[in-house]
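Notes for the one structure printed next.
We use all heavy atoms of the structure for the numbers below, so side chains are in, but hydrogens, waters and symmetry mates are not. Read the numbers this way: they start at 1 and go in the same order the structure lists the ligands and their atoms. Bear in mind the structure is a predicted one, so any value in this text is a computation, not a measurement.
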Amino acid sequence: MKPDPAATGKTSRVFFALWPGARVARRLHELGAEAHAECAGRRTRCETLHLTLAFIGDVSPQRLADLIAVGNCVEATPFTLRLDCLGGWRHNRIVWAGAQICPAPLAGLVERLNGALEAAGFAVERRPFAPHVTLLRKAHTQVSARCVEPIDWRVGGFALVESLQTSAGAHYRTLREWRAGEGEGDRCAGKSG
Ligand code: ATP
Ligand code: MG
C-alpha cells in the first residue's frame, strides 16, 4: 500500500482540476497527435489529460485538509465546455486545446474556488483564467493557432489532484472529487442548510 501523506507528514504537490471521461480524453489525445505531427515535443498521455482550475503547489497534510474543506464549500453546477481551438504559449513551449468561450458556470466555479482559497490563506492566480488542456510540452515549434472540430465536454464535477513527479513525467492521483449540482450546504462546515 502507498504511504498516506497525511500519516507520513510529507508535503504533496496539488491542484484543482477537471478530468475528462474516456470519450473526451480520446478526442483530445487524437488532437494531441495532430499537434505533435506539427510541433513535436512531449505529448500528454491520454489518462493524464486535464484542465487545471487552480494550481496550489506543495502543501503539508494539515493544509491538505484545509483544501478539502475549500472544495466542500465550493458549489459547482454541471455545464458543457466546448473545446474548439488549438493554441500555444511561447514562454513555456506548451501547446493546448482551448475554448473560444469560457462558459459562465466554469468562470463562476473558478471565481468561487479562488475566493475560498484566498479566504483560507492560499495564494491565488491573479491572471485571468484561460481554460486549456495541455496537449504538448517542450514543443519544438510554435503551433499555428486555429479553430478545430469542437469537442463537447460535459463537466459533472471537479477534483483535487496530487501531482507525483517522476522521470517519465508527472503522474496524478485524485485525492477527492466533488459532483456538480449536489449543493455545498451539507458538506460545508459552518454553513447551515
Ligand atoms: P510536468 O511539470 O512534469 O511537465 P505538469 O505540469 O502537468 O507536468 P505539475 O507541474 O505538477 O505537472 O502541474 C500540475 C498542473 O498545474 C498542470 O496542469 C500545470 O499546467 C499546472 N501548473 C503547474 N504550475 C503552475 C503554475 N505556476 N500556475 C498555474 N498552473 C500551473
Ligand atoms: Mg509543470
Side-chain angles (χ1 to χ4, degrees), residues 2-3 5-6 8 10-21 24-29 31-33 35-36 39-61 63-64 66-68 70-71 74 76 81 83 85-99 102 106-107 109-118 120-143 145 151 153 155 157-178:
K2 280 199 179 139
T8 58
K10 274 172 48 191
T11 63
S12 318
R13 180 179 172 92
V14 295
F15 58 106
F16 285 96
L18 304 180
W19 224 267
V24 168
R26 208 166 37 243
R27 294 276 314 273
L28 287 165
H29 198 237
L31 190 56
H36 189 262
C39 308
R42 178 159 59 88
R43 213 174 143 197
T44 309
R45 299 190 306 283
C46 194
E47 66 276 15
T48 61
L49 287 159
H50 65 273
L51 186 149
T52 297
L53 299 171
F55 179 75
I56 312 296
D58 288 323
V59 292
S60 66
R63 291 302 265 161
L64 203 49
D66 293 342
L67 287 173
I68 288 168
V70 162
V74 171
L81 174 64
L83 295 165
C85 55
L86 201 55
W89 288 318
R90 195 194 291 259
H91 70 278
N92 56 7
R93 292 165 55 206
I94 74 163
V95 173
W96 42 256
C102 179
L106 173 56
L109 171 60
V110 170
E111 202 177 304
R112 287 191 294 280
L113 199 47
N114 282 333
L117 285 168
E118 199 163 25
F122 290 95
V124 295
E125 180 61 77
R126 298 283 167 208
R127 291 172 297 187
F129 175 64
H132 69 278
V133 177
T134 299
L135 302 177
L136 302 179
R137 291 183 170 72
K138 298 187 166 56
H140 295 186
T141 58
Q142 273 196 280
V143 73
I151 300 171
W153 176 0
V155 176
F158 66 100
L160 179 66
V161 181
E162 180 178 11
S163 170
L164 304 152
Q165 307 281 312
T166 75
S167 53
H171 284 255
Y172 308 107
R173 185 166 76 104
T174 300
L175 300 176
R176 187 65 71 95
E177 274 179 289
W178 292 271

Atom pair SG (Cys39) and CG (Leu136), whose distance is rounded to the nearest 0.5 Å: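 Output value for this atom pair is 6.0 Å.
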
Check ligand 1 against [X] and write out every atom of the ligand that is under 4.0 Å from a heavy-atom position of the residue.
{"X": "His50", "answer": "15 (C), 17 (C), 18 (O)"}
{"X": "Arg42", "answer": "4 (O)"}
{"X": "Tyr172", "answer": "5 (P), 7 (O), 8 (O), 12 (O)"}
{"X": "Ser163", "answer": "9 (P), 11 (O), 12 (O)"}

Closest approach of any protein heavy atom to [atom], naming residue and atom:
{"atom": "atom 15 (C) of ligand 1", "answer": "Thr52 OG1, 3.5 Å"}
{"atom": "atom 8 (O) of ligand 1", "answer": "Ala170 CB, 3.5 Å"}
{"atom": "atom 6 (O) of ligand 1", "answer": "Arg137 NH2, 3.5 Å"}
{"atom": "atom 2 (O) of ligand 1", "answer": "Gln165 OE1, 3.8 Å"}
{"atom": "atom 10 (O) of ligand 1", "answer": "Arg13 NH2, 2.6 Å"}
{"atom": "atom 29 (C) of ligand 1", "answer": "Phe55 CB, 3.7 Å"}

Derivation of the side-chain contact (heavy atoms from CB on, under 4.5 Å) call for Val24 and Leu49: CA-CA 9 Å; Val24 168; Leu49 287 159; over 6 Å; no

His132: which of Ile94, Leu51, Thr52 passes side-chain contact (heavy atoms from CB on, under 4.5 Å):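 The residue from Ile94, Leu51, Thr52 that satisfies side-chain contact (heavy atoms from CB on, under 4.5 Å) with His132 turns out to be Ile94.
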
Val14 and its side-chain contact (heavy atoms from CB on, under 4.5 Å) partner, picked from Val161, Asp58, Leu67: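 Of all the options given, the one that passes is Leu67.
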
Aromatic ring pairing His50/Phe15, orientation class (parallel under 30°, perpendicular over 60°, tilted between):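 Tilted: the ring planes of His50 and Phe15 meet at 30° to 60°.
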
Thr44 side chain to Thr134 backbone, donor-acceptor under 3.5 Å: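 The answer is yes, because a donor-acceptor pair under 3.5 Å joins these two groups.
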
Heavy atoms from other residues, nucleotides or ligands near CD of Glu111 exceed 12 (cutoff 6.0 Å):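 At most 12 heavy atoms, drawn from other residues, nucleotides or ligands, come within 6.0 Å of this atom.
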
